[in-house]
Amino acid sequence: MSQNFVLKKGLDIPLAGEAALRVSKTIAPGIVAVQPTDFKGFLPRLLVKEGDPVLCGSPVMADKKNADILLTSPVSGTVKEIVRGDKRKLLAVLVETDVRQQHVDFGVRDAATLDAGQVRQALLQSGLWPWIIQRPYGIIADPDVRPRDIFISTFSTAPLAPDSQFCFGSELQAAQAGICALSKLTDGKVHVSLDGKRRTSPFSGLRGCELHTFQGKHPAGNVGVQISHIAPIRKEDIVWTVSPATLVAIGKLFTTGRYDVRRKVAVTGPMAIEPGYVETVPGMPVKEIAPFLGNTPAESLRIISGDVLSGKTVGMDGYLGAFDNQITLLHEGTEQELLGWIRPFRFNQFSADRSYFSWLLPNKKYAMDTNLHGGARAFLMNDGYYARVLPMDIYPVYLAKACLAGEIEKMERFGIYEVLPEDLATCEFVDPSKNNIQAMIEQGIDLMLKEMA
Amino acid sequence: MNKIFEKGGKFYWLHSTVDAFETFLHVPGTVTTKGSHVRDAIDLKRILILVVIAAVPAALFGMWNVGYQHGLAVGDPRLNILGNWWYGFLRVLPLYLVSYIVGLGIEFACSQIRGEEVSEGYLVSGFFIPLIVPVDIPLWMLAVAVAFAVIFGKEVFGGTGMNIVNPAILTRAFLFFSYPNYMSGSSCWIHYKPTEQLVDGFTGATPLALDGASAQYGTGFWDLFIGTVPGSVGETSVIAILLGAIVLIWTGIASWKIMCAGILGALFVGGLGDLAGISTIPCYMQLLYGGFAFGIVFMATDPVTSAQTEAGKWIYGFLIGALCIVVRLFNPGYAEGMMLAILLCNVFAPLIDHCVISAHLSRKAKKLKTA
């Protein structure tokens, strides 16, 4: 039964630099990185060495815990370098692309006629399996488990998030094939949520799944928030989530027989010159988008793979993260601001707090920077101060404190199974005590994983 | 910051203090390292300075009232508004100096020991403390009380944000139980020098202690509402406190739920008292007497020591209001119940929250099971 949800709590962060709806460049990067660190819970074992030729879809590494789970190359070429960090930790495999892109042929098949085992086999072989995320904990899905349900949020409400209609408007057929395949993997339902603010969605025509609409401020588009409204995760429950880009890639695996993770990526943010979209593959070096950066010196620019709330700082030498379809460019706010906090008005700073006057200018967009705007303090404000930006039935401060204290029982009570750090990002944004709430939740989840293993 | 104040530098022991003054002048150039890359412009300095601003009307009125009450007591009401205010300002200023020098001194030292930045919490406590004590309190007593409250009420728990009871209320409680002669009765509320001749029939007792009986002052509704009565420096004027309440509620710093619940609680018990004939004053007058208004607006709503949950705030506020009036009605020896009501409820706030959250979670679990 489909439902419409209107969420009252939340916060849209009015960041300047929204991407114009056009593809300004199709990037065929010279080098692509396959980064195992993007996939939480994936312990990499190398399957290639430097100089090996790979095709698009050839396995590059496997999971040490389950050798069936593979990461594959998104392009064809030769393995150029294996990048390791401290203690020889595998950080990335760099593939130098060749001119004639060749694909491993996984065979065109009708997903509707396959059984669960065949679908699972196809996903594992092609390297699409690690893109399926398990909740709780946000780790890669276990192929031996049948999840209670599978959830897909087709839109994002994060600041400057790419436009769902623009990115996936022409992919309905692939998405439908993806739904057919995924529905074989669960005994429950495949839940797909649409943006309630839009009248049309490329996904509204999907069959074989439950369609819901969500309307509200960020994080209403977060799949975690949606799960908690559709069918909350209880202890012992396991559900999977799939991003819309992954859904399309799964569909294409069956409709074209290829591992095809090309996507539109929004280059956004107040420091982006003519923000727009590029078409590329995950693992693209950030250097490829140099035209968007202009002449800003590297030290005063923060390059984020993902959105400003939960994205990762990658820097000039970094790569686009596997799950990201957005790059955000911010100014590093290292300047001191004379008498900042005591000025009655600071019209160029955004605050969700009523003690500033941002509420007078509801449509203003702000060129925010990375300044912390204050010193780190202990939690002082009430739980309700944070809960007003979190449309979930949990107590954010209690959960964060339980994570800090490492109290498993309390973390369970306060809902650690239902959240990933990204879901509490708005709480972190508004926190006047400048706590790193997402890092606290991450710490709690890591502890749970360790204790439950 | 100069290198000599950084770790390993010669003056590292002054690090927290220098940092406090530096960040007072300007927002530092610190950037985000983890999590959200952009942050709200709000910080604790802004929030806490707003609480101070909200209390300014009460403080200004309190200073005027000190001068005005003195004039009445010595039969010399010649001074104009500014004159009265200036007279009071000179009497209250030493209280502020003692409160801030002792309190901030301890705060700075403790922050340095913990190796943290100085938290702004005491800016507010230090502003409130002179407003909730009698103007003639000896300064050394105030210093001892502030030191006790800051060290044992706050720093031993880990500083601002970790405390269980409100340090300002604790200061007052310490004074009350240690030096009761200076904190109650009829001689402490109005400033006058021993050499000054008082008018005939003068009593400096607060309206609360007189329980509505008339003295040489009018103690009608409007006197109490405007605040032209003896009492602690900042507590008398309900209208000045209401101005502060508007600021606090509008900015969302203080919870309107706690304030409303407190008023409901007081009216409830006061009304019962009226019906039972225990009390001779109408229940709504209880809201104007003594420290009720100041307490419910500024003290009970302290976000650290009040209840955290929304339902908990209603319970917490109601209990404060109700307990305050219970003390007033049944304890003839001690007329002011607000201080003890808030202290007691501060201690019970975590329990209230625990019950509210447990009830909520078990309801949620039940719903999930049936779903």
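Convention: sequence-line order gives letters A, B, ...; per-chain numbering from 1.
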Interface residue of largest heavy-atom contact number with chain B, from [options], under 4.5 Å:
{"options": "Ile304(A), Leu330(A), Asp307(A)", "answer": "Ile304(A)"}
{"options": "Met381(A), Lys312(A), Met368(A)", "answer": "Met381(A)"}
{"options": "Gly375(A), Ser433(A), Gly333(A)", "answer": "Gly333(A)"}
{"options": "Asp431(A), Val430(A), Asn371(A), Ile437(A)", "answer": "Asn371(A)"}
{"options": "Gly384(A), Ser355(A), Gly374(A)", "answer": "Ser355(A)"}

Salt bridge present between Arg39(B) and Glu428(A) (N-O < 4.0 angstrom)
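Salt bridge between Arg39(B) and Glu428(A), a charged N being under 4.0 Å from a carboxylate O: yes.
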salt_bridge(Arg377(A), Glu120(B)) N-O dist < 4.0 Å:
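Between Glu120(B) and Arg377(A) there is a salt bridge, with a charged N closer than 4.0 Å to a carboxylate O.
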Between [X] and chain B, which part of the residue has a heavy atom less than 4.5 Å away: side chain, backbone, both or neither?
{"X": "Asn435(A)", "result": "backbone"}
{"X": "Ala387(A)", "result": "neither"}
{"X": "Leu309(A)", "result": "both"}
{"X": "Tyr385(A)", "result": "side chain"}
{"X": "Ser358(A)", "result": "neither"}
{"X": "Ala352(A)", "result": "both"}

If you measure from [atom1] on [X] to [atom2] on [Y], what distance do you get to the nearest 0.5 Å?
{"X": "Asp43(B)", "Y": "Leu372(A)", "atom1": "CG", "atom2": "CG", "result": "9.0 Å"}
{"X": "Thr160(B)", "Y": "Phe379(A)", "atom1": "OG1", "atom2": "CZ", "result": "15.0 Å"}
{"X": "Tyr398(A)", "Y": "Ile357(B)", "atom1": "OH", "atom2": "CD1", "result": "4.0 Å"}
{"X": "Ser255(B)", "Y": "Asn382(A)", "atom1": "OG", "atom2": "CG", "result": "7.0 Å"}
{"X": "Ile13(A)", "Y": "Ser36(B)", "atom1": "CD1", "atom2": "OG", "result": "6.0 Å"}

With a 4.5 angstrom heavy-atom cut-off, is it the side chain or the backbone of [X] that approaches chain A, or both, or neither?
{"X": "Leu44(B)", "result": "both"}
{"X": "Lys34(B)", "result": "both"}
{"X": "Ala307(B)", "result": "backbone"}
{"X": "Ile42(B)", "result": "both"}

Does atom [atom1] of [X] have more than 12 heavy-atom neighbours, drawn from other residues, nucleotides or ligands, at distances under 6.0 Å?
{"X": "Phe152(B)", "atom1": "CZ", "answer": "no"}
{"X": "Phe348(B)", "atom1": "CZ", "answer": "no"}
{"X": "Lys217(A)", "atom1": "NZ", "answer": "no"}
{"X": "Glu18(A)", "atom1": "CD", "answer": "no"}

Should Asp40(B) and Pro432(A) count as side-chain neighbours, where that means a heavy-atom distance under 4.5 Å?
no
Given Thr33(B), Val38(B), Val31(B), the one that forms side-chain contact (heavy atoms from CB on, under 4.5 Å) with Thr370(A)
Val31(B)
Listed by residue number, which members of residues 246-254 of chain B have a heavy atom under 4.5 Å from any heavy atom of chain A?
Trp250(B), Thr251(B), Ile253(B)
Compute whether any side-chain donor of one residue and acceptor of the other, for Asp393(A) and His360(B), lie under 3.5 angstrom apart.
yes
Side-chain donor-acceptor contact under 3.5 Å, Thr32(B) with Arg302(A):
yes
For the residue pair Gly311(A) and His37(B), what are the closest heavy atoms and their distance?
O-NE2, 2.8 Å
Write down the atom of Ala41(B), the atom of Gln349(A), and the distance for their closest heavy-atom approach.
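Here Ala41(B) and Gln349(A) meet closest at CB-CB, 3.7 Å.
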For chain B, find its close neighbours in residues 412-426 of chain A: heavy-atom separation under 4.5 Å, sorted by number, or none.
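The residues closer than 4.5 Å to chain B, in numerical order, are Arg413(A), Phe414(A), Glu418(A).
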Below 4.5 Å, heavy-atom pairs only: which of Gln308(B), Met162(B), Arg46(B) has the largest tally toward chain A?
Arg46(B)
